[in-house]
Q: 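Would you mind keeping the following structure in view while I ask a few things?
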Amino acid sequence: MRFTQLNEIELPAAFDAHVHLRDGEMSQLVTPTIRQGGVNQVYVMPNLVPPVTTVQQCLAYRDQLKAIEPNVDYLMSLYLHESITSEAIREAKKAGIMGVKSYPAGVTTNSSSGVIDYETFYPVFAEMEKQNMVLNLHGEVPSTPSHTHATKDATAITILNAEPAFLPTLKALHEKFPALRIILEHCSTAAALEAVRACGPAVAGTITAHHLSLIIDDWAGDPFCFCKPVAKTPEDRDALLNAVVTSKGRFFLGTDSAPHDQGKKRGEDKVAAGVFTQPNAVAYVLDALEKGVERGVVEEGDVTLEGLEGFFGGWGRAFYQVGDGRGEKVVLRKGAGRVVDVLEKDGLGVRVVPFRRGEETWSVEWK
Ligand code: DOR
Ligand code: ZN
């Protein structure tokens with residue numbers, strides 16, 4: 001296959017291993033866009049307000065999502081929180097909950113009740129390892145408040161070095177719990193990719209669609225490209241593109257599609273972090289790979305059908321040890337789709353501006 005010559009490509013429906021579907025009106029708006037993006041199975045993040053910290057809450061949340069869009073499989077997660085005990089982990093496993101998401105306190109949207117010290121959770125991680133559950137890491141260290149910056153010696157943490165500064169924690173957790181399945185979510189730097197590769201097969205990474213095309217300059221002036229972790233350098237972006245096509249199972253799609261009402265992006269207060277990609281999830285990745293080949297940073301021969309099938313679904317499903325129960329296929333057509341200017345629906349009071357609004361992209365047809 002010569003990837004850039006293709007106008008049409010058939011793929012198994014995708015598994016998106018990192019989505020934010022929210023609740024209330026926002027979930028009514030965004031959940032129906034999962035299939036539009038070519039996806040039929042998702043791993044749902046638990047950072048609602050309040051966060052999803054109990055099995056009961058989690059199952060009720062899954063039922064809400066199923067009621068909105070029944071033709072999607074929802075893999076569910078709990079939010080790592082001081083109230084989570086080993087007992088809760090055993091209960092979660094029995095209830096079919098797949099994993100636990102950890103947010104360092106304060107790093108991103110709805111993370112204020114997150115983790116301050118990982119060691120206090122070692123008994124929980126030990127139980128997760130025993131129960132064969134997945135630990136999803138938001139891999140950033142919180143920024144140093146500017147008024148406490150040291151004058152010399154100590155490197156302050158900013159949103160640019162927050163992910164590299166977290167990588168020793170990944171290594172320590174993997175060394176302490178070598179059989180615990182861990183995902184470093186939304187890898188955004190070449191250093192993060194290396195750290196994942198340096199671990200054993202229990203550790204994988206997700207890569208978003210938007211980090212495959214964005215760099216620092218894109219979000220610096222545009223709130224709709226601002227997310228956590230922030231997009232980094234062109235070299236980091238190109239390393240991510242190459243990780244997609246040479247992944248061999250170590251990396252797979254997790255879009256981190258994160259809808260916010262446009263008011264929260266357009267200056268009511270602090271700009272909310274999150275890029276919304278759900279309705280065009282697979283298409284954005286294909287566009288970014290094509291640009292990578294055109295720029296000469298991705299070898300065209302590295303973009304294979306097996307590689308795309310793995311990145312979009314097979315490898316994520318294998319890591320989560322789930323099948324694709326639906327066995328559906330999608331056909332994508334180059335240039336036949338268009339990103340909407342704004343996602344809205346009659347009767348709903350929220351509006352979301354998607355990534356690359358108004359631009360041409362691949363269309364998705366379900367077979
Ligand atoms: O940009 C982000 N938005 N990063 C996250 O980790 C959370 C997400 C959200 O929930 O909006
Ligand atoms: Zn996320």
Side-chain angles (χ1 to χ4, degrees), residues 16-24 26-27 29-31 33-34 39 42-52 61 65 74-80 98-115 134-143 159-160 162-163 166 182-189 192 204-214 216 218-220 222-232 252-266 268-278 281 284 316 343 350 352-355:
D16 184 345
H18 186 138
V19 301
H20 294 273
L21 299 176
R22 314 302 193 206
D23 54 6
M26 187 60 93
S27 70
L29 183 66
V30 303
T31 309
T33 69
I34 296 169
V39 171
V42 292
Y43 186 82
V44 182
M45 290 301 162
N47 62 333
L48 303 182
V49 185
V52 180
Y61 183 33
L65 297 171
Y74 303 93
L75 309 185
M76 304 304 289
S77 66
L78 290 177
Y79 185 109
L80 188 62
M98 309 292 295
V100 178
K101 174 72 183 285
S102 127
Y103 290 93
V107 289
T108 188
T109 309
N110 306 341
S111 65
S112 54
S113 41
V115 175
V134 173
L135 175 63
N136 308 93
L137 295 176
H138 183 114
E140 289 190 294
V141 170
S143 290
I159 56 174
L160 294 179
E163 184 177 83
F166 181 84
I182 299 178
I183 300 180
L184 185 63
E185 299 291 339
H186 39 56
C187 297
S188 70
T189 53
T206 54
I207 296 179
T208 76
H210 52 284
H211 285 99
L212 296 175
S213 53
L214 295 176
I216 297 170
D218 295 309
W219 57 259
D222 181 351
F224 298 109
C225 294
F226 172 60
C227 63
K228 293 284 188 70
V230 296
K232 308 289 192 316
F252 45 84
L253 178 69
T255 61
D256 196 17
S257 172
H260 291 278
D261 182 64
Q262 60 171 2
K264 298 233 160 36
K265 291 294 233 171
R266 283 188 163 139
E268 271 175 2
D269 194 354
K270 277 190 157 182
V271 175
V275 174
F276 179 58
T277 52
Q278 205 73 70
Y284 291 133
L343 184 69
V350 283
V352 180
V353 176
F355 181 49

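Just so you know, ligand 1 is whichever comes first in the structure, and atom 1 is the first atom listed for that ligand.
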Q: Is His20 close enough to the Zn ion (ligand 2) to have an N, O or S atom under 2.8 Å?
A: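 Yes, His20 qualifies, because one of its backbone or side-chain N, O or S atoms lies under 2.8 Å.
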Q: Please indicate whether any nitrogen or oxygen in Gly274 is less than 3.5 Å from any nitrogen or oxygen in ligand 1.
A: yes
Q: Would you please classify the geometry between the Phe226 ring and the Trp219 ring as parallel, tilted or perpendicular, with 30° and 60° separating the classes?
A: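 Ring orientation of Trp219 relative to Phe226: tilted.
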Q: Taking both backbone and side-chain atoms into account, decide whether Glu185 has an N/O/S atom under 2.8 Å from the Zn ion (ligand 2).
A: no
Q: How far apart are the closest heavy atoms of His211 and Ser188, and which atoms are they?
A: CD2-CB, 3.8 Å
Q: Relative to the Zn ion (ligand 2), which of the N, O or S atoms in Asp256 is the closest?
A: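 Closest to the Zn ion (ligand 2) among those atoms: OD1.
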Q: Please tell me whether Phe355 and Tyr284 form a close aromatic pair, meaning their ring centres lie under 6.0 Å apart.
A: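 Yes, close enough.
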Q: Examine all N, O or S atoms of His186, backbone included, and report whether one is under 2.8 Å from the Zn ion (ligand 2).
A: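 For His186, the answer is no, given that no N, O or S atom comes within less than 2.8 Å of the Zn ion (ligand 2).
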Q: What are the two closest non-hydrogen atoms of Leu184 and Gly139, and how far apart are they?
A: CD1-CA, 3.8 Å
Q: Going by the order shown, which atoms of ligand 1 are within less than 4.0 Å of some heavy atom of Ala258?
A: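 Near Ala258, the atoms of ligand 1 are 3 (N), 8 (C), 9 (C), 11 (O).
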Q: Check ligand 1 against Cys227 and write out every atom of the ligand that is under 4.0 Å from a heavy-atom position of the residue.
A: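 It comes down to these atoms of ligand 1: 1 (O).
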Q: Within the structure provided, determine whether Asn136 and Tyr43 are in side-chain contact (heavy-atom separation under 4.5 Å).
A: yes
Q: What protein heavy atom sits nearest atom 3 (N) of ligand 1, and how far off is it?
A: Ala273 O, 3.0 Å
Q: Show the nearest heavy-atom pair for residues Phe252 and Ala17, with the distance to one decimal.
A: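 Phe252 and Ala17 have their closest heavy atoms at CE1-CB, 3.8 Å.
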Q: Please state which protein non-hydrogen atom is closest to atom 5 (C) of ligand 1 and give its distance, to 0.1 Å?
A: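 Atom 5 (C) of ligand 1 sits closest to the protein heavy atom Thr108 OG1, 3.2 Å.
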Q: Apply side chain to side chain donor-acceptor pair (under 3.5 Å) to His260 and Arg266, showing your working.
A: CA-CA 10 Å; His260 291 278; Arg266 283 188 163 139; over 6 Å; no
Q: Closest approach of Gln278 and Ser257, non-hydrogen atoms and distance?
A: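 Minimum heavy-atom contact is N-OG, 3.1 Å.
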Q: Could you tell me whether Asp256 approaches ligand 1 through its side chain, its backbone, both or neither, with non-hydrogen atoms closer than 4.0 Å?
A: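 Under 4.0 Å from ligand 1, Asp256 contributes side-chain atoms alone.
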Q: Examine the proximity of ligand 1 to His260 and report which part, side chain or backbone, both or neither, has a heavy atom under 4.0 Å away.
A: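 The answer is the side chain of His260.
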Q: What orientation do His138 and His186 show, parallel under 30°, tilted 30 to 60°, or perpendicular over 60°?
A: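 Perpendicular.
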Q: Just to be sure I'm reading this right: ignoring hydrogens, which of Lys101, Lys264, Lys228, His138 gets closest to atom 4 (N) of ligand 1? Compare them by their nearest heavy atoms.
A: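 It is Lys228 whose heavy atom sits nearest to atom 4 (N) of ligand 1.
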Q: Would Arg22 count as a contact residue for ligand 1, given that I'm defining contact as a non-hydrogen atom of the residue lying under 4.0 Å from a ligand atom?
A: yes
